[in-house]
Amino acid sequence: MELEQSALISAVILINILQVATVYIYYEKNRTYPGILWFLLGSILLAIGIASMLIWDGQDLEVVAILAPYIFVMIGNICFFFGISIFLGRDTHWRAITSVYCVFIATIVLFTFVSESSAARMIIGGMAIALISMGSFWLLQKHRPRSMRAPFNLLSVVFLAQGSFFLLRSFLFLALLLTDNTIPTSISSFTPHLLLPLSFLYTIGFIMLINQRLTTQLREVKDHYELMFNTIPDIVLISKVEDGETLIVNDRFTDLTGYAREEVIGKTSMVLWKNPDDRMRLIDEVREKGRVDSFEADLIKKDGEQISGNTSADPITIDGVPCIISITRDLTEKKRSEAALRESENRYHRVVDSAEEAILVMQDDVMKLVNPSAVDLLKATEHDLVSKMFMTFVHPDDRCSLGDYFKRLRGDNAPKSHPFRLVSNDGVSIWVEIRAILINWEGRPATLIFMMDISERKIAEFALKEANKKLNLLSGITRHDINNQLLVIGGYLTLLERKFGNKETEEGVKKMQMAIERVSAMIQFTKEYEDIGVNAPVWQDARGAIWAASRAVPLDGVKVVNDVPGGTEILADPLIIKVFYNLMHNAVRHGGTITTIRFSLEDVNGGHSIICEDDGMGVSADMKEKLFNRGIGRDHGLGLFLSREILSITGVEIHEVGEPGNGARFVMTVPNEAIRTAQN
């Protein structure tokens, strides 16, 4: 019987050695594979634990014979548990499990050296092995992958059988121990009989587990590579070197060429090349250099359309047959875009070079491009201008105003154009008008500048201004002389009235004096009207101009409310202050019981309007448009007529839209380009 048991244990040891050798081979081939190292350690420790059963009868090694089977078998099963946890990617909880099993081992040592009890050792050891076996069974069942059910089910059965046996054995020993019956040796001797098939099944299960996992992994890798192969945005083709037979193509090949796989696999790839000699040149370069990184050639699609391709190629061998793998990138659209870009650049250069306006690109205050007109304007060569600071060619007195124009171009509402003076390379000052826009130049912000020579216009404006001055001087002298003569006439009329003193004479003198007053008013009107447009329109603070005008009006207790926001500027004739003065003066004189005059800024249909309104008696419907005609009004004044003329210089329109009896309401509609607010 002892011989039979020794033979069984030896058989179990041989199976475990086979398991160790098998797992070791898999471990050597797949060192980084998760869990295999723990399977190997578990197999080694299990083999050592079972082998130690053969020295049960050795007196010299009695302690080893008692402790080794329990400790090594127990630790071996713990390694299996850790291996399964790592294999499945689960948390191993190794500290807690190790701590618990240290308690088990300490208890076995206690019942070996302190209170010797083989029954207690068998109960504790069996419970420990059963517990870890059931844990392995639970892991295998709960977290098994669908693709690997067979090896997981086999190992689950092995761990369940082992756990159940040791659990049952522990309960039998415990029951017999409590009844003081002798523990039969048949229960202990049955252990090798169970370990023999379990060890065999362990080996088969681990081999199946590792093989199937490797197979699954290889299939996943194959699927991933196929997915990568077919999602590459370039044409991939593998063909034989000798005859060009096509072996493999990717999805991009079929999408781009129009050929289905069955139309090209097994057939020559020569039909794809517009020039068949290109393929031979490609193969020759591969043979000579070992690989080709960039080989441009044209291919032909199934429908006959031409493709421009850039090919990289490497030699490979498939089943001993020399082949070539080529990756071709479609450059057709790129070639078309490059051709269109070249054509666009040629047209652009022709337009820029033939433009009469001076055109230049400024980046970081440096000129990057100038056209021939700019070269002629500045009396320099292109080499003298490119890479030079643009501001060095601007007249010193105009640099601040031009710098302000560029700043407003980047953020504020800049005017469409700006006049300033350039200084050419030969020192001559040139009046130009600049228009500029922001662009990107070589990937960075820049300014595209158009300049027109307005020197002749400026000379004409200066001449006109001088002529106007002379005319104004002449008209001023004439007005002065006429006024003197009117005074003389008025004086003689007074003398005549005193001399004759009759009623008829008085009436005649009175009518002539009224005529003199009208002539004097007309002369005064010519004085005011001649000042309109003499000076160029300028940006003026609307809110400040309203306050300045209000200080000159005899308000007689009327309150002025100025709700125009600060920072509102209007481009207008410098006489704009007279407009605000006339509006307030007329309101006070003709508004009746007026208490308040209010100025405000309103948004109307995407534009801006300056409003002047009061709480007086308003304007009758039949007088609304006549108000702005010359000589209309109760005193035949010219104030509103002049106001409309002043505003019209910069395109501002004025209308009266109030309701009669509810106060006057004058709306001054300002073009967008003639107003700027703090917001924009």
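Start at 1 with the first residue, then count along the sequence.
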Practice task
Return the minimal non-hydrogen interatomic distance between Ser308 and Lys335, and the atom names on each side.
Solution key: CB-CG, 3.9 Å
Practice task
May I ask you to check whether over 12 heavy atoms, not counting those of Met452, lie within 6.0 Å of atom CE?
Solution key: no
Practice task
Can you measure from CG (Leu422) to CH2 (Trp431) and round to the nearest 0.5 angstrom?
Solution key: 10.5 Å
Problem - Exercise: identify the closest heavy-atom pair between Thr392 and Met389 - result: OG1-O, 2.5 Å
Practice task
Could you check if a side-chain atom of Pro419 sits within less than 4.5 angstrom of a side-chain atom of Ile454, using non-hydrogen atoms only?
Solution key: yes
Practice task
Rounded to the nearest 0.5 Å, what's the gap from CG on Leu583 to CZ on Phe666? Could you check?
Solution key: 6.0 Å
Handout entry: Sidechain-backbone polar pair: Asn562 side chain, Arg543 backbone, donor-acceptor under 3.5 Å
Key = yes
Practice task
Flag the pair Lys368 and Glu442 as a salt bridge only when some basic side-chain nitrogen lies within less than 4.0 angstrom of an acidic carboxylate oxygen.
Solution key: no
Exercise for the section: Give, for atom CG of Asn586 and atom OG of Ser643, the distance between the pair rounded to the nearest 0.5 Å. Expected result: 7.5 Å
Fill in the blank from the handout: Residues Met391 and Arg399: closest non-hydrogen pair is O-NE, 3.2 Å
Handout entry: Lys301, NZ atom: more than 12 neighbouring heavy atoms under 6.0 Å
Key = yes
Handout entry: Expected output: side-chain Glu656 to main-chain Gly658 donor-acceptor under 3.5 Å
Key = yes
Practice task
Ignoring hydrogens and angles, tell me if any N or O in the side chain of Thr650 forms a donor-acceptor pair with the backbone of Leu571 under 3.5 Å.
Solution key: yes
Handout entry: Non-hydrogen side-chain atoms of Val652 and Pro671 separated by less than 4.5 Å
Key = yes
Exercise for the section: State, with a plain yes or no, whether a side-chain heavy atom of Cys612 is found less than 4.5 Å away from one of Ile597. Expected result: yes
Fill in the blank from the handout: Nearest heavy-atom contact between Asp614 and Ile594 is CB-CD1, 3.3 Å
Exercise for the section: Without swapping roles, check the side chain of Arg421 against the backbone of Asp398 for a donor-acceptor pair under 3.5 Å. Expected result: no
Completion exercise
Closest non-hydrogen contact found for Leu385 with Ala374 is CD1-O, 4.1 Å
Problem - Heavy-atom donor-acceptor pair, Asn582 side chain to Lys578 backbone, under 3.5 Å - result: yes
Handout entry: Test item: Trp441 and Leu369 side chains (from C-beta on) under 4.5 Å apart, heavy atoms
Key = yes
Fill in the blank from the handout: Separation between OG1 (Thr447) and CD1 (Ile439), nearest 0.5 Å, reads 7.5 Å
Problem - Residues Met617, Thr593; criterion side chain to side chain contact (heavy atoms under 4.5 Å, CB included); working and verdict - result: CA-CA 7 Å; Met617 64 182 185; Thr593 57; over 6 Å; no
Completion exercise
Separation between CZ (Arg329) and CG (Leu256), nearest 0.5 Å, reads 12.5 Å
Problem - Side chain Asp615, main chain Thr596, donor-acceptor under 3.5 Å - result: yes
Practice task
Using a 4.5 Å cut-off on heavy atoms from C-beta on, say whether the side chain of Ile430 contacts that of Phe393.
Solution key: no
Problem - Pairwise side-chain contact, Leu642 with Leu575, heavy-atom cut-off 4.5 Å (strictly under) - result: no
Problem - Asp234 and Arg252, any side-chain heavy atoms less than 4.5 Å apart - result: no
Problem - Heavy-atom closest contact (Leu402 atom, Phe390 atom, distance) - result: CD2-CE2, 3.9 Å
Practice task
Give a yes or no answer on whether the side chain of His395 reaches the backbone of Asp397 with a donor-acceptor pair at less than 3.5 Å.
Solution key: yes
Problem - Under 3.5 Å: donor-acceptor pair, side chain of Asp541, backbone of Gly566 - result: no
Practice task
Could you tell me whether a side-chain N or O of Lys302 sits under 3.5 Å from a main-chain N or O of Thr254, the two making a donor and an acceptor?
Solution key: no
Exercise for the section: Determine, step by step, whether Asp453 and Leu377 satisfy the side chain to side chain contact (heavy atoms under 4.5 Å, CB included) criterion, reporting the C-alpha distance in whole Å, the side-chain angles of both residues, the deciding distance to 0.1 Å, and the verdict. Expected result: CA-CA 8 Å; Asp453 187 350; Leu377 181 67; 4.0 Å; yes
Problem - pair His608-Asn672: side-chain heavy atoms closer than 4.5 Å - result: yes
Handout entry: Salt-bridge present (Lys334, Glu296; N to O < 4.0 Å)
Key = no
Problem - Qualifying residue for side-chain contact (heavy atoms from CB on, under 4.5 Å) with Val361, from Leu448, Val386, Asn371 - result: Leu448
Practice task
Ignoring hydrogens and angles, tell me if any N or O in the side chain of Glu433 forms a donor-acceptor pair with the backbone of Phe450 under 3.5 Å.
Solution key: no
Problem - Pair Phe580-Val553, side chain to side chain contact (heavy atoms under 4.5 Å, CB included): steps then yes or no - result: CA-CA 10 Å; Phe580 300 134; Val553 177; over 6 Å; no
Problem - His418 and Tyr405 aromatic ring geometry - parallel, tilted or perpendicular at 30°/60° bounds - result: parallel
Handout entry: Distance in Å, Ile576 CD1 paired with Met668 CE, rounded so as to fall on 0.5 Å steps
Key = 7.0 Å
Exercise for the section: Might you confirm whether atom CD of Glu659 has over 12 heavy atoms from other residues, nucleotides or ligands at distances under 6.0 Å? Expected result: no
Exercise for the section: Let me see the working for Arg444 and Asp364 under side chain to side chain contact (heavy atoms under 4.5 Å, CB included), right down to the final yes or no. Expected result: CA-CA 10 Å; Arg444 297 179 54 239; Asp364 299 328; 2.5 Å; yes
